[in-house]
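Shown next, in structure tokens, is the structure this report addresses.
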Amino acid sequence: MKLMAVALPILNLPVFEGPLDLLLHLVREHKVEIADIPIVLITEQYLAYLQSMEERNLTLAGEFFVMAATLLEIKSKMLLPAPPSDSDEDAGVDPREEIAQRLIDYERFKALVPLMQELELDRARLFFRGQGAYGDEYELPVEFGTVSAASLLSALSKVLERADTGDHQITSVRRHRLTLRLAMHKLLACVKENGSDGLVFEDALLESGQTHLDIVMLFLALLEMLRQAMVRVEQAAVFAPIMIYSQDLAGGSAVQ
Amino acid sequence: MKELLEAYLFVAGEPVMPAEIAKTMQVHPDDVAEALNELMGEYRTRDGGLQIVRLAHGYQMATREEHAEDIAKLLDPPGKANRLSKPALEALAIVAYRQPVTVAEIESVRGVASDGVLRTLLEKKMVYEHSRKAVPGRPILYATTPDFLHYFGLDTLGDLPSLDFELSDEDVTARHVIEQAAGLISE
Amino acid sequence: MKELLEAYLFVAGEPVMPAEIAKTMQVHPDDVAEALNELMGEYRTRDGGLQIVRLAHGYQMATREEHAEDIAKLLDPPGKANRLSKPALEALAIVAYRQPVTVAEIESVRGVASDGVLRTLLEKKMVYEHSRKAVPGRPILYATTPDFLHYFGLDTLGDLPSLDFELSDEDVTARHVIEQAAGLISE
């Protein structure tokens, strides 16, 4: 008999970007003003949340603990009787003030995120000239002088990446290796299937080859097949599509 | 002039700057800007498949929003464009409104380490190394690029939503608190 | 329909075939051709900076002949820094790392037609016609120029950043295969 997987109780806790995000959530939940945080309560809840995270074996970044320490410090300051004030300036300082300021500041920027997403989506609805050649995303041209050799490398790796994530991407773990022999076999089958129509060179390389390794392999296979005179390659004019024909059909097409 | 500008907008494939055109054609920049604005109005009136938009300090020809889905279908782009993540947008918003700004300053607002997202933003050319701050350690100050403006469909930084917007649905107390806080921050 | 076709003519950047559009949009090819002809007529009547021409069995949007000189001046004004579009940079990167290389080879990596950008690179003197490939059709092999090295601040091609990183998650076999391929291609 199979062991049943034990369903874990679903803890419906949102994911927090950081300590400020969590703190803001707690403050908002209590519908209190940021400037008037019930520090004892919030600190307790904050610590409880960290504990629940630990129990679920989630790695917590140090920032969460720094915030916990800060909250505890504020809490202790709030609980201690106010020291006899020597000066007027000292007297009015609320220990929560700094954290309140940070929360207000953080909230403003957090609120900008959906607005920026909206702008981002709106702009993505515009297409510019030659967009087909840009692939995924339009980018402003780069000025010579600001372009480093490293940007060439990143441009190349982006293209290779794109070739890697074609429409027919295999989602299973990629461990298959297209050997040269296999690639030749595959390519020859394609060429034969197309018969006297011929196979367009780019289609041959991109149709079946999804990873750049596959593309290189198919390209290698084509070279090898040419060398062994298994196929014939023709191009009607400069920049015209390069066609691959099976040599077996050479006689057949001449009959017509 | 207007016909030439229309032709140039078409072939340029990038935002065109009135000042640059004026220099090359030896006319006054204001005349160029005026003709461009007129052309922009004509395209709006004509209501065809194209429009002229103001982007990254320039004028650029683009398709109209309502055709986005069909154009995408016809172009069959090789994969979905990557959108920026929320943390990246958060960091970018801070750079946009506080620029030039250091990583430490971004981190102090966000409360989390931000060098990773900043690297992404640099790679995507949303920000660049503007200068160095004149403090010990001379940390790098980051600012937004023209690519940033273009990516978000903005002409200038002034087109960014006002930082006050978020109060629209808050109550007056909240506004008061934040104004108070803003006063404190700017001190 | 006409508006969408206008938008598509603009973004396509190459001759547009009615049959292909009809297939994608699931309409009759005759309807597409009719709308395109109508649009062509409208452009002729409007007498602006653009026109629609019939080219290579398709329709293409283009500037009008009379603006050719001015457009050339605006695109390449003296003293203005040259700019490279993203497609051009991609193609240049492939030439740089895989040279000498044919257009078909560039296209097979990029997955899109690349003769246009290659023409730009030739005009900007970033690449030149190196030789012809010893295969049927004898396609042109392109290589980078000394100007290319100069622009990118390189002394020799050996100074290009190493391609190694792209193989980081691949195994040694992959590296071996690519080296083999590079050897074969350069033969």
Side-chain angles (χ1 to χ4, degrees), chain B residues 1-27 32 35-36 38-39 42-43 45-52 58 60-79 81 124-125 146-147 150-151, chain C residues 1-14 16-17 20-27 32 35 39 42-43 46-52 60-81 83-88 110-112 116-117 120:
Chain B
M1 180 69 177
K2 222 161 52 187
E3 288 76 34
L4 172 62
L5 288 174
E6 187 182 11
Y8 181 50
L9 277 168
F10 169 72
V11 292
E14 58 180 303
V16 304
M17 314 289 161
E20 280 180 14
I21 299 173
K23 207 173 143 201
T24 312
M25 302 310 293
Q26 298 183 318
V27 288
V32 177
L36 282 169
E38 220 173 283
L39 197 63
E42 278 175 24
Y43 265 74
T45 318
R46 196 160 63 85
D47 203 20
L50 301 173
Q51 61 179 334
I52 297 167
Q60 189 165 10
M61 203 179 265
T63 60
R64 291 174 87 100
E65 290 83 351
E66 58 260 45
H67 297 126
E69 282 79 22
D70 287 333
I71 291 288
K73 238 195 285 178
L74 286 165
L75 281 178
D76 189 22
K124 296 219 170 224
K125 286 190 280 184
D147 286 81
H150 199 277
Y151 185 76
Chain C
M1 182 65 175
K2 219 161 56 186
E3 288 76 35
L4 172 63
L5 288 173
E6 186 181 11
Y8 183 54
L9 277 169
F10 169 73
V11 294
E14 53 184 282
V16 163
M17 310 293 161
E20 282 175 18
I21 298 174
K23 204 173 140 199
T24 313
M25 300 309 296
Q26 299 184 317
V27 289
V32 178
L39 197 64
E42 278 176 23
Y43 266 73
R46 197 160 61 86
D47 201 22
L50 301 173
Q51 60 179 338
I52 296 167
Q60 188 165 14
M61 199 180 268
T63 59
R64 292 173 89 99
E65 291 83 353
E66 59 261 45
H67 296 127
E69 283 83 25
D70 285 335
I71 291 290
K73 247 195 281 178
L74 283 167
L75 280 178
D76 199 13
K80 187 184 147 197
R83 282 200 282 262
L84 275 183
S85 70
K86 185 189 173 196
R110 292 190 61 222
V112 289
V117 283
T120 310

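Throughout, protein chains are lettered first and strands after them, A, B, ... in sequence-line order, and every chain is numbered starting at 1.
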Options C:A62, C:G49, C:G48, ranked by heavy-atom pairs under 4.5 Å with chain B, top entry:
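Most pairs with chain B among the choices: C:G49.
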Can you confirm whether B:K2 is buried at NZ, in the sense that more than 12 heavy atoms of other residues, nucleotides or ligands lie under 6.0 Å from that atom?
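More than 12 heavy atoms, drawn from other residues, nucleotides or ligands, come within 6.0 Å of this atom.
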Indicate whether the side chain of B:E6 and that of C:H67 have a donor and an acceptor atom separated by less than 3.5 Å.
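Not at all, the side chains of B:E6 and C:H67 share no donor-acceptor pair under 3.5 Å.
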Is B:H150 close to B:P15 at the side-chain level, that is, under 4.5 Å between some pair of heavy atoms?
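A side-chain contact exists here, since the closest heavy-atom pair is under 4.5 Å.
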Close side-chain approach of C:L50 to C:F10, heavy-atom, < 4.5 Å:
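The answer is no, as the side chains (C-beta and beyond) never meet within the 4.5 Å cut-off.
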Taking side chain as everything from C-beta outward and backbone as N, CA, C, O, which of these in C:M61 sits under 4.5 Å from a heavy atom of chain B? Side chain, backbone, both or neither.
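Both parts, backbone and side chain.
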Could you have a look at B:E66, B:E42, B:R46, B:M25 and say which one has the most heavy-atom pairs with chain C under 4.5 angstrom?
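Most heavy-atom pairs under 4.5 Å with chain C: B:R46.
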Hey, which of B:T63, B:D70, B:I21, B:L4 has the most heavy atom pairs under 4.5 Å with chain C?
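Going by pairs under 4.5 Å, I would pick B:L4.
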Quick check for you: to the nearest 0.5 Å, what is the distance between C:Y43 atom OH and C:I52 atom CD1?
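One finds 5.5 Å between OH of C:Y43 and CD1 of C:I52.
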Is B:R64 close to chain C through its backbone or its side chain, or both, or neither, when contacts mean heavy atoms under 4.5 Å?
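Neither part, no heavy atoms under 4.5 Å.
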